[in-house]
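A quick write-up on the structure given underneath.
Just so it is clear, the structure is predicted and the values come from calculations on it, not from any experiment. Each ligand, and each atom within it, is numbered from 1 in the order the structure gives.
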Amino acid sequence: MKNILITGALGQIGSELITFLGKRYGKEKVIASDIKSMPEGMINQIGIFEYIDCLDAQEIYSVIKKYRIDTIFHLAAVLSSAGEKNPQLAWKVNINGLYNVLEIAREYKCAVFTPSSIAAFGPSTPKDNTPQETIQRPNTIYGLTKVTGELLCDYYYSKYGVDTRGVRFPGIISYAALPGGGTTDYAVEIFYDALKYKKYTCFLDKNTSLDMMYMPDGLKAAVNLMEADPSRLKHRNAYNVTAESFNPGQLSGEIKKYIPDFEMNYDVDPMRQAIADSWPNRLDDTAAREDWGWFPDYDLKAMTKDMIEKLKVKLQVSV
Ligand code: SER
């Protein structure tokens, strides 16, 4: 990785990946791009910023050429809940955007990281210890684009030798930027509301278990996979990774240890509940552990402690 392009860099993962990669490879080597304009507050954090709409191949081409990019972290995507509200847009952004990136990577010999998701599984997938290779028949448009994306990336690797790699991310929890349009977003919103109002109304049922991961582990997974020895990668697109699996009831219990009068209510949103019910309870990430040494640093306890500490400072509240 010499010159790196991040697409969707102002999103939840991108906005932290910029700093993470900047520290590791040099700020001037990381080109952040998005269809949104860069917020004033991020000027110090971002070395170079370029406007890119991934649906416009020319815009990607010109940035790849200008900065001699050799590695692309392609994060621009429409997530699960937003996708159900506008399936046509989700397909267009997630598939046509990825296709443009892969075509350019083929021509300019770039390595490509593309996140897949727990959404690449569906109701007929084994729910517990979901294997690396198993049934993938998702019933959300987001899930469909993720399975298609996995296959497309594998195709570009086997047909053209493009160095494509990916992980199936669980819900990502972080305090820097908010997630947008996902089903696992409750696990971030809950911290903000707990600290600000001491109560939260959850849109998923108390017992809905899902895989989750704290942002530092998510960044580590993406970068470690891209740095891994390619000869050890038995799979490419995409590796199961997980750090913790919990339900809203368990997360609320953990938060109560820090905010004893925190009150959790439930007002289940049928659409997001149906999406969550179609996803696994917990992935088996043995392949990632064996092939490239994946291991998470944060479980539910450690993540909650750190989230509360960091958000207290960010929101300037004391509990
Ligand atoms: N966090 C994503 C979502 O909820 C899953 O990949 O859509």
* To the nearest 0.5 Å, what is the distance between OG (S15) and CE (M38)? -> 13.0 Å

* Asked: So, for T145 and A90, which heavy atoms are closest and what is the spacing to 0.1 Å?
  -> CG2-O, 4.0 Å

Decide whether [X] and [Y] meet the rule of one side-chain donor and one side-chain acceptor closer than 3.5 Å.
X	Y	answer
E50	S33	no
D291	Y239	yes
N281	S209	no

* Structure fact -> Within the heavy-atom cut-off of under 4.0 Å, ligand 1 is lined by L79, S80, S117, Y142, G182, T183, T184, W279

* Please say which of R236, R106, K109 ends up in a salt bridge (charged side-chain N to carboxylate O under 4.0 Å, His left out) with D163. => R236

